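Structure first, commentary second.
Computed from a prediction, not measured in an experiment: that's the story for all the values here. Residue indices begin at 1 and follow the sequence shown.
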Amino acid sequence: MAKKSIIARNDKRERLVALYAERREQMKNDGRWEDLDKLPRNSSKVRLRNRCQLTGRPRGYVRDFGICRNQLREMALYGKIPGMKKASW
């Protein structure tokens, strides 16, 4: 499990991105690059990191489910994901 402070930092970035999204888009369309530089850096969408919803793990993220590969495998084994089961042959 990731540190709580790292997860909280990413959540704060998500809130800032949502707050400044329209403003940033408008400034980009108008070409006001100097004004864009004055906005908080964490309001940029590229600073977000995809993290597992359950553990906060940043690596091995499966976008379709929003969880990491470890949790995906565990949930599939226990039958918690409808229609998915571990392959065996």
Please tell me if the side chains of Cys52 and Gln71 come closer than 4.5 Å, counting only heavy atoms from C-beta onward.
yes
What I'd like to find out is whether the side chain of Lys12 reaches to under 4.5 Å of the side chain of Asn42, using heavy atoms alone.
no
Evaluate the criterion side chain to side chain contact (heavy atoms under 4.5 Å, CB included) for residue pair Arg32 and Leu36; output intermediate values, then yes/no.
CA-CA 6 Å; Arg32 297 185 302 176; Leu36 197 61; over 6 Å; no
In Arg9, Arg13, Glu14, the residue satisfying side-chain contact (heavy atoms from CB on, under 4.5 Å) with Asp11 is Glu14
Nearest 0.5 Å, please: how far is CG in Asn10 from CZ in Arg15?
10.5 Å
Taking all heavy atoms of Gly66 and all of Tyr61, pick out the closest pair and write down the distance.
CA-OH, 3.4 Å
Give me the atom names and distance for the closest heavy-atom approach of Ala2 to Arg51.
CB-NH1, 4.0 Å
Side chain to side chain contact (heavy atoms under 4.5 Å, CB included) between Phe65 and Met84: does it pass, once the steps are laid out?
CA-CA 12 Å; Phe65 298 98; Met84 182 179 279; 3.5 Å; yes
Side-chain heavy atoms of Ile6 within contact of Arg49, under 4.5 Å:
no
To the closest 0.5 Å, what do you measure between NZ (Lys45) and CD (Glu25)?
8.5 Å
Enter the distance from Arg57:CZ to Asn50:CG here, rounded to the nearest 0.5 Å.
13.5 Å
With heavy-atom distances below 4.5 Å as the criterion, would you say the side chains of Val17 and Arg24 are in contact?
no
In Å, rounded to the nearest 0.5 Å, how long is the span from SG of Cys68 to CG of Leu54?
7.5 Å
Can you check side chain to side chain contact (heavy atoms under 4.5 Å, CB included) on Arg41 and Arg47, steps first, answer last?
CA-CA 8 Å; Arg41 286 185 178 179; Arg47 291 177 71 103; 3.9 Å; yes
Is the closest side-chain heavy-atom distance between Lys28 and Trp33 below 4.5 Å?
yes
hydrophobic_cluster_shared for Ile81 and Leu77, side chain cutoff 4.5 Å
no
Any heavy-atom pair between the side chains of Glu74 and Asn70 that's under 4.5 Å?
no
